[in-house]
Structures are given as structure tokens and as C-alpha cells.
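So that the names make sense, note that chain A is the first sequence line, chain B the second, and so on, each numbered from 1. As a basis for the values below, the full set of heavy atoms in this structure was taken, side chains included, without hydrogen atoms, waters or symmetry mates.
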There are 2 protein chains.
Amino acid sequence: MTGDAMAAEHDSGEAGGGHETVDGRKLRGQRRRAQIIEATLEIVRRDGAAGVTHRTVAKEAGITTSLTLYYFATLDDLLVAALTSVTDDYTSRIRQLIDHEDDPLAGLAELIAESGGPGRERALAERELSTLAARRPALRPIARRWRDNVAELGRTQTDDPDTIEGFVALSDGLCTAILLNDREADPGHIEAVLSKALLRSSE
Amino acid sequence: MTGDAMAAEHDSGEAGGGHETVDGRKLRGQRRRAQIIEATLEIVRRDGAAGVTHRTVAKEAGITTSLTLYYFATLDDLLVAALTSVTDDYTSRIRQLIDHEDDPLAGLAELIAESGGPGRERALAERELSTLAARRPALRPIARRWRDNVAELGRTQTDDPDTIEGFVALSDGLCTAILLNDREADPGHIEAVLSKALLRSSE
DNA sequence: GAATTTATTGGACGATGGTACTAATAGTTC
DNA sequence: GAACTATTAGTACCATCGTCCAATAAATTC
């Protein structure tokens, strides 16, 4: 078990092995952090946030329990880090849609539709973590980042604030709807509903 | 502590004491169930679903732990019952809007806006329980009932299926947005956003 | 290559959890 | 009031959890 972890730790080539000792050390630490966060997310995906304990995370990562504690003093820190990570991930994808895509709306629709298929567990994890955020004011800004980015994506289509607000809420709500449905979601249909919501701005 | 529970158990007048012995017994059981569910919800409201244990529920209800186990063999049963109860509650309020209100849309907007104020904890509890449902297919129909009723409310305003779908998702998303915001929600504004979403049907 | 810092380990402690078990207490039926 | 069932109460068992601690290994510095 630990063998796998060590292998994973060492196989990704370390760029340069010269005199950047300090950076090298820091990097290792950062990698461990990332590894632990990833293990945490895997558990959230599989069993939900309730399944996250120091022990389960450690087991998932193939390290000892004390080590997770070494990097994240409390379980809370770990969950916060995980929420932040997953949010960063998602927002960067949306950011990419805004900056590098001809039709960001279609891209968003696809992203949303994924919640019904391959991205289901990830979407569940996000929802769970954002629910966590709803209870802790300190976390809300992080959770809101997703919404802010969706809003910015919406702003490429219209300027009306109310429409934008509705657009974000709609995107979020569609995601929830998909999670509560058993069938897969049709990206085309999602896009249709989304763009319909934007039509109002042209009135 | 148990004294309070006993008092609460006995003070609500028991209608008829004649020969309906069996019914009387059943009724008491039902009342206990309801009491335990209510205690559960109180904990979900206050501390989140993670805070629900046989012991905390029993303490909240002022009864012994074994009793909660007597009525709900497993914690899961308890959470399921709580989810069902809270959903029934909410749907019945929406039902009332549809059947007895001149302006159901305004009523819904008010209901949604409550999530930012006095109904915040209740809304949090609902979200938490519905998140639970997303992970258990068996629970999804229960969680979907709210959506079905909102859809029916929407159907009093338009017939377009896509618009209805968007309307439900929007209602849900607005609720989430309010939960992630720190400020209170303005019912009038919510209603405006909602009715804007319905405008499309008249195109 | 010794000293120092950082990373990692294994194990322990006290607290809490789910659940089972048993005895007592109503309440009902005959 | 005896026999029986439904209900309540107390408690005990075992697993797990968060967290701590002392010791070790590895890396880094001088």
C-alpha cells in the first residue's frame, strides 16, 4: 500500500536536482498536501463528506494517520483545503471557457450536463462541500467563486444584472436537478434552457 | 428531563378514550415517532446532518437512546423519515399556495426569500437532507416531490415544459444563492426574477 | 560528518458513536 | 388479578474517531 504511494511520489520527474534544496523541500511538502487533498476528494466522491476522517484519508492516500495530521492540523482544515481545491478546479475550467472558447454557453451546458454522467461524483462532491460552506460564513467566499465565474460567463451574453443573477441560479439549479434525476442529461437541451433564460435581456 | 417529555406526551388531549384501545396505542406510537423526527430535524437545523446520532436525538427529545432505536432501528431510517417529513411540510405549503392563493408566484417568492431570514436553518436542513438524497437513488423520489410541486405551481403560469423546467431550477438555485449570501433576500426582487423567467412562455 | 531541521511512523488516550441486551413499567385482554 | 404485549429505562460492548506523543528516518546546513 505504502509502496504505491511512494512510487507515485517518486515517479513524476523532479525537474532539476541541483542547488534548489529549499524549493525542493517545499515542493515535496506541497505534493504531499496535494496528494492528501486528492485522497480526501476521492473519499468525498465515493462516500460523501461524512466519510472523511483522518484515518480513511490516510488509508486512501497510503500513508499513516499522523501524517495527514502533520499537514492538516484539524479535519476542518482538510475539508476547507478540499473545498478550495475543487472550486479552483471548476472555476479554472469555466475561466477557460470564457477566455478561449467561441461558444462559452455551449461549453457551460456541457459542463453542467456532465453532472449526470462521468462527472456525477465530482458534482456530488462539490455540492456536499458547498453545503458545508453554507453553514460556515468563512467558507462562503470560496463557494461563491464558482458563481462569480458563471456570472462572468453570463456577462459575455448580456448586461442585465437580474438576468445574470437568474442565469447563475439557473445553472446551479439545473445541476441539482440532474443530480436528483436518474437519467443522463442532454447538453443540447441544457444549452437551450440556458440560452432561453438569456433571451430576456434583449427585450 | 424525561419529565418534560412525559408532560409533552400527555398534555395534548387524547380524543376519545372508549373502546379504541388498539388505535389509541398506535396513535401514541405515531406521536412518539413524530416527536423523534422533530427532534432530529431540530438537530439538523442546528448542527447539520452530521450532528444526528441516536444519543443527540434522544437528548433533544428528552427520551432515552434505546427509545429512538425502538422506533428507528437504524440511524438511516431516522434520516430518511426526517427527510420525508421536511419534504412533506414544504410541499404542503406550496400546495396551499397553488390551491388557495391569488398570487402563488408571490407566495413562492416569499417562501424562497425566507431562506435568508427566519427560515434559514430550515432551508439549510432541507438542502442537507436533499444532498443525502442525491446519493441514494431510493430517496430521490421523495426529494423530487418539492420540485414536482414547484413545477405544478409554475404550470399555473405557463404551459411550456422548458420554461417550467427552468422555473423549477431557478427557484432551487435562488434558494442556494440566498444560503450562500450573508444578506437577507428581498421577496419582491425574487418575485421579479421568477416572473421574468416565465415571460418567455408568452413569446 | 555532526548538528539541525523536516518528514514520517507507530502507538496510545480519552471521548463518542451505533447497537444489543436485560430488566422494569405501563397498558390490554381474558 | 394473571398472562401477555407494548413501551421505557439503564447499561454495557465494541468499533471508530480526533488528537497527541515520543521515537525514527531523511534531508539540509554548517
Side-chain angles (χ1 to χ4, degrees), chain A residues 1-10 14 16-36 39-40 43 47-81, chain B residues 1-10 14 16-36 39-40 43 47-81:
Chain A
M1 282 192 185
T2 50
D4 293 347
M6 292 310 277
E9 180 71 4
H10 285 265
E14 183 136 24
H19 48 74
E20 46 180 307
T21 56
V22 179
D23 287 350
R25 194 166 60 222
K26 264 195 179 173
L27 194 67
R28 272 211 345 179
Q30 290 294 81
R31 244 199 327 234
R32 261 284 134 82
R33 274 184 71 91
Q35 182 197 7
I36 293 174
T40 305
I43 292 180
D47 308 319
V52 174
T53 73
H54 277 130
R55 284 174 172 84
T56 56
V57 169
K59 191 172 189 177
E60 177 72 30
I63 56 180
T64 56
T65 304
S66 344
L67 196 51
T68 70
L69 206 73
Y70 178 76
Y71 283 96
F72 301 92
T74 152
L75 251 197
D76 228 58
D77 294 343
L78 190 50
L79 283 171
V80 169
Chain B
M1 283 192 186
T2 50
D4 293 346
M6 294 309 278
E9 179 70 6
H10 285 266
E14 183 136 22
H19 49 73
E20 49 180 304
T21 56
V22 178
D23 287 350
R25 195 166 56 218
K26 265 194 180 175
L27 193 67
R28 271 204 350 171
Q30 289 295 80
R31 240 190 341 224
R32 261 283 134 84
R33 273 184 73 90
Q35 182 198 8
I36 293 174
T40 304
I43 292 181
D47 307 321
V52 173
T53 75
H54 278 130
R55 285 175 170 86
T56 55
V57 169
K59 190 172 190 176
E60 176 71 31
I63 57 181
T64 58
T65 305
S66 5
L67 195 49
T68 70
L69 207 74
Y70 180 77
Y71 281 96
F72 301 92
T74 153
L75 251 197
D76 226 60
D77 293 344
L78 189 50
L79 283 172
V80 169

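- A distance of 14.5 Å separates CG in Asp77(B) from OH in Tyr71(B), rounded to the nearest 0.5 Å.
- Rounded to whole angstrom, the span from the CG atom of Leu67(A) across to the C1' atom of dA26(D) amounts to 13 Å.
- In terms of phosphate contacts, Arg32(A) brings no side-chain nitrogen or oxygen within less than 4.0 Å of OP1 or OP2 of dT6(C).
- The closest donor-acceptor contact from the side chain of Thr68(B) to the backbone of Ala58(B) lies at 3.5 Å or more, if one exists at all.
- Distance OH (Tyr71(B)) to P (dA9(D)): 11 Å, rounded to an integer number of Å.
- Taking 4.5 Å as the limit, some side-chain heavy atom of Leu78(B) sits within range of a side-chain heavy atom of Leu75(B).
- Here dT8(C) presents its P atom at 21 Å from NZ of Lys59(A), a figure rounded to the nearest Å.
- Remark: Leu67(B) CG to Ile36(B) CD1 distance equals 5.0 Å, nearest 0.5 Å.
- As rounded to whole Å, 14 Å separates atom P of dC17(D) from atom CG of Leu78(A).
- Between the axis at the start and the axis at the end of the helix from dG1(C)-dC30(D) to dC30(C)-dG1(D) there is an angle of 10°, using five pairs per end and rounding to 10 degrees.
- A distance of 12.5 Å separates CD1 of Ile63(B) from OH of Tyr70(B), quoted to the nearest 0.5 Å.
- The distance from atom CD of Gln30(A) to atom CZ of Arg33(A), rounded to the nearest 0.5 Å, is 6.5 Å.
- Each salt bridge (charged side-chain N to carboxylate O under 4.0 Å, His left out) pair with one or both residues in residues 61-76 of chain A, not counting sequence neighbours, appears once here: Asp76(A)-Arg136(A).
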Per-nucleotide protein contact string for nucleotides 18-23 of chain C, where B marks a base within reach and S marks sugar-phosphate only (heavy atoms under 4.0 Å, - for neither): BBB---
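- Of the side-chain N and O atoms in Tyr70(A), none sit less than 4.0 angstrom from OP1 or OP2 of dT9(C).
- If you take CZ on Arg55(B) and CG on Leu69(B), they are separated by 10.5 Å, rounding to the nearest 0.5 Å.
- As a whole-Å value, the separation of Ile36(B) CD1 from dA9(D) C1' is 14 Å.
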